[in-house]
Protein chains: 2
Amino acid sequence: MKTTVPKKLFQKAEKLIKDKSLSVTEPRKNILAFLLKNHGPFSMEEIHDGLGKNACDLATVYRCIVLFENSNLVERRYLGDEILRYEYKDMDHHHHHIVCRICKSVSKMKYCFISEIEQMIRDKGYSDITHSLEFFGVCAKCNQK
Amino acid sequence: MKTTVPKKLFQKAEKLIKDKSLSVTEPRKNILAFLLKNHGPFSMEEIHDGLGKNACDLATVYRCIVLFENSNLVERRYLGDEILRYEYKDMDHHHHHIVCRICKSVSKMKYCFISEIEQMIRDKGYSDITHSLEFFGVCAKCNQK
DNA sequence: AATTTTTTGCAAATAATTTGCATTAATTCT
DNA sequence: AGAATTAATGCAAATTATTTGCAAAAAATT
């Protein structure tokens, strides 16, 4: 991954962090800017590598991602293997993923109509309902082989 | 957990294992019977403990569960924390879960109408589609406190 | 600019999962 | 059914992933 991140995204990252009243540090800016640039989701290691070596310690990635997750800036994804991955949580673009079981490619799915189910759950007395929805399959390319 | 498992379930477990042409061993029977008796889903440790001490080694639980998963006898669940859990995969009773974010209680949800989405994904060239769908919220009890 | 508070890097600790291998158990083959 | 073969298990050790303590560095506050 390891791509150059435009200055604009650093500024956006900085603003997002500030708006959550978190202190703005180099590692945090780098990590969030990386996630703004690249859709992911990425594992901790992938994020660490993506920043380029010596950007910050892996332990710092763990700490920042957990912080971002608690601040609702980052969303954790479970994609069927044992690795947890993270991506920027864009409130305006709720979506899910389709993961190929063979090549592990991930493609975005913007459709999601489970609000009816959520309403049912709300009727049972639950509040603050969220969901996790991912699809798995064998993609067209892998089917050809 | 650690409940006594009726003989009938041991026999059912044995049959299920045999039908997948896997060798039938004590640990495998115990583990599957435990999952037939208790809904779960359970972590590796919970399964191990549930069998009663000295039933088999924890490493054996890992090996058996992975085997069962590959044979489609057991289903892996991601419930929002970092622990993966497993339950018996009853082909006739596809379902999902609602997890309370506070007390972690898990309740079953038999509703699932995402076949339309799966069709869309199929149209994109994917095959063998499955999905993972879990809901999270704060349950009625926890809301009272 | 100085002080206080928070975060980071590094190393070490912990926890989770996997593996090698000798032993034991299950299956297969007379 | 019993011997031979194959596969699974237990145990310990190795590996991997994640977390933590603490001194140093950086950010926020004054």
Side-chain angles (χ1 to χ4, degrees), chain A residues 10-11 13-34 40-71 73-74 76-86 104, chain B residues 10-11 13-35 40-71 73-74 76-86:
Chain A
F10 275 102
Q11 290 164 1
E14 181 158 356
K15 184 175 182 335
L16 286 166
I17 296 167
K18 213 171 254 163
D19 288 352
K20 297 286 180 181
S21 352
L22 304 172
S23 17
V24 177
T25 70
E26 278 305 305
R28 289 180 184 176
K29 270 190 288 183
N30 284 329
I31 292 167
L32 192 53
F34 172 79
F42 302 109
S43 68
M44 296 286 189
E45 295 246 354
E46 284 168 339
I47 295 168
H48 183 236
D49 293 352
L51 302 175
K53 285 294 173 201
N54 310 325
C56 77
D57 196 80
L58 179 56
T60 300
V61 176
Y62 274 91
R63 289 187 273 223
C64 292
I65 291 294
V66 169
L67 181 81
F68 289 160
E69 211 192 339
N70 293 335
S71 303
L73 282 172
V74 156
R76 177 196 298 199
R77 296 290 189 168
Y78 165 67
L79 259 43
D81 52 20
E82 33 289 308
I83 300 164
L84 293 174
R85 293 181 175 79
Y86 303 85
K104 307 297 172 193
Chain B
F10 274 103
Q11 291 163 1
E14 180 158 357
K15 183 172 183 337
L16 286 166
I17 296 167
K18 213 171 253 165
D19 288 351
K20 296 287 181 182
S21 351
L22 304 172
S23 22
V24 177
T25 69
E26 278 304 306
R28 288 181 186 176
K29 270 190 289 183
N30 284 330
I31 292 167
L32 193 54
F34 172 80
L35 293 177
F42 302 109
S43 68
M44 297 286 190
E45 295 245 353
E46 284 168 340
I47 295 169
H48 183 237
D49 292 352
L51 303 176
K53 285 295 176 201
N54 310 325
C56 76
D57 197 81
L58 179 56
T60 300
V61 176
Y62 274 91
R63 289 187 273 223
C64 291
I65 290 295
V66 169
L67 180 81
F68 289 159
E69 211 191 340
N70 293 336
S71 304
L73 283 172
V74 154
R76 177 196 299 198
R77 296 290 189 170
Y78 166 66
L79 259 42
D81 52 21
E82 32 291 305
I83 300 166
L84 293 175
R85 294 179 175 81
Y86 302 85

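To find a chain, count down the sequence lines: A is the first, B the second, and so on, and within it residues start at 1. Just so we're clear, the structure is a prediction, and the values are computed from it rather than from any experiment.
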Practice task
Provide, to the nearest angstrom, the distance between the CD1 atom belonging to A/I83 and the P atom belonging to D/dT16.
Solution key: 13 Å
Practice task
Check the distance between D/dT9's C1' and B/R28's CZ and give it to me in whole angstrom.
Solution key: 10 Å
Practice task
Rounded off to whole Å, could you give me the CD1-to-P distance for the A/I47 and D/dT18 pair?
Solution key: 11 Å
Practice task
Would you check if the side chain of B/H48 reaches a backbone N or O of B/A59 as a donor-acceptor pair within less than 3.5 Å?
Solution key: no
Practice task
Would you mind reading off the distance between A/R63 atom CZ and D/dA25 atom P, rounded to a whole angstrom?
Solution key: 16 Å
Practice task
Working to the nearest 0.5 Å, report the span between CG of B/D19 and NZ of B/K15.
Solution key: 3.5 Å
Problem - Close residues, residues 54-62 of chain B, relative to DNA chain C [heavy-atom separation under 4.0 Å] - result: B/A59, B/Y62
Problem - Toward the 5' end of DNA chain C, by each residue's nearest nucleotide, B/T25 or B/L84 - result: B/L84
Determine all donor-acceptor pairs shorter than 3.5 Å in which one atom belongs to a side chain in residues 20-33 of chain A; sequence neighbours excluded.
residue: A/K20; atom: NZ; partner: A/S71; partner atom: O; Å: 3.1
residue: A/T25; atom: OG1; partner: A/R28; partner atom: N; Å: 3.3
residue: A/E26; atom: OE2; partner: A/K29; partner atom: NZ; Å: 3.1
residue: A/R28; atom: NH1; partner: A/S23; partner atom: O; Å: 2.9
residue: A/N30; atom: ND2; partner: A/E26; partner atom: O; Å: 3.3

Problem - Aromatic ring proximity A/Y86/A/F68, centre distance under 6.0 Å - result: no
Handout entry: chain A contact limits on DNA chain C, taken 5' to 3' with a cut-off of 4.0 angstrom to heavy atoms
Key = C/dT6 to C/dC10
Completion exercise
Between B/M44 and B/L58, the two heavy atoms sitting closest are O-CD1, 4.0 Å
Exercise for the section: Measure the spacing between CG of A/D57 and OH of A/Y62 and express it to the nearest 0.5 Å. Expected result: 11.0 Å
Exercise for the section: By nearest nucleotide on DNA chain D, pick out whichever of A/V24 and A/E82 is the more 5' one. Expected result: A/E82
Practice task
Round to a whole Å and report the spacing from CD of A/E14 to P of D/dA27.
Solution key: 10 Å
Practice task
Taking all non-hydrogen atoms of both residues into account, name the closest pair between B/F34 and B/I47 and its distance.
Solution key: CE2-CA, 4.0 Å
Problem - Atom-pair distance (NZ on A/K29; P on D/dA28), nearest Å - result: 9 Å
Problem - Spacing between A/E69 atom CD and D/dT19 atom C1', to the nearest angstrom - result: 15 Å
Practice task
Take atom NZ of B/K18 and atom P of D/dA8, then tell me their distance rounded to the nearest Å.
Solution key: 15 Å
Problem - Rounded distance (nearest 0.5 Å) linking atom CD of A/E46 with atom CD1 of A/I83 - result: 7.5 Å
Completion exercise
So CG of A/D49 and CD of A/E45: to nearest 0.5 Å the spacing works out to 6.0 Å
Problem - Among D/dC11, D/dA8, D/dA27, the nucleotide that comes nearest once only the side chain of A/S23 is considered - result: D/dA27
